[in-house]
Amino acid sequence: MHQPRSWNVVCSSDPDHTFKAVVVVHNETSTGVASRISDLRRAMDAVDHPALLIVDAVSSLASIEFRQDEWQVDVTVTGSQKGLMLPPGLSFNAISEKALAANREARLPRNYWDWQDILTRNRNGFFPYTPATNMLLRAA
Ligand SMILES: *Cc1c(COP(=O)(O)O)cnc(C)c1O
């Protein structure tokens, strides 16, 4: 694999830092090709690129090494049905403070990608929408 070279090309192709986010699939499920997220982070850091790093880890989380904090991933998107080998029905986002701040400041109208509803309701143990109750177990 020679991904570091291509990551460097991608990151240096935006010298004015206009990209708001770099979005990458960690494990391309049908081919099994894994992206080296740590190399991508290094390439972004090498040009001081401030973009958010967003990773689709649907088929990789719990199946291949993934280090959100160490690789400074801003948003990890995953679901219950593949890498975690659970029934379908749940999806998860792990979100950095930087991504939460970007979400609060963004002016693009949105609903589905707005985390504020779920964060507010989760503080009291609830969901803003109908959850997959068959997938949830509340510990006493
Ligand atoms: C399956 C898959 C998705 C989409 O998830 P579904 O909820 O099953 O449609 C996204 N990314 C990757 C890498 C996947 O393997």
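No experiment lies behind these values; they were computed from the predicted model shown. By convention here, the first residue in the shown sequence is residue 1. Each ligand, and each atom within it, is numbered from 1 in the order the structure gives.
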For the pair Arg42 and Asp39, find out whether any cationic side-chain nitrogen is under 4.0 Å from an anionic carboxylate oxygen.
yes
Linking Ile, Leu, Val, Met, Phe, Trp and Tyr through side-chain heavy atoms less than 4.5 Å apart, which residues share a cluster with Ile54?
Val23, Leu52, Val75, Val77, Ile95, Leu100, Trp115, Leu119
Around atom CZ of Phe126, are there more than 12 heavy atoms of other residues, nucleotides or ligands at under 6.0 Å?
no
In this structure, are over 12 heavy atoms from other groups packed under 6.0 Å from Asp69 atom CG?
no
Residue Lys98 excluded, over 12 heavy atoms near NZ under 6.0 Å
yes
Ligand 1: protein residues within heavy-atom distance under 4.0 Å:
Val25, Asn27, Thr29, Asp56, Val58, Ser59, Gln81, Lys82
Please work out which of the three classes, parallel, tilted or perpendicular, describes the rings of His26 and Trp71, given edges at 30° and 60°.
perpendicular
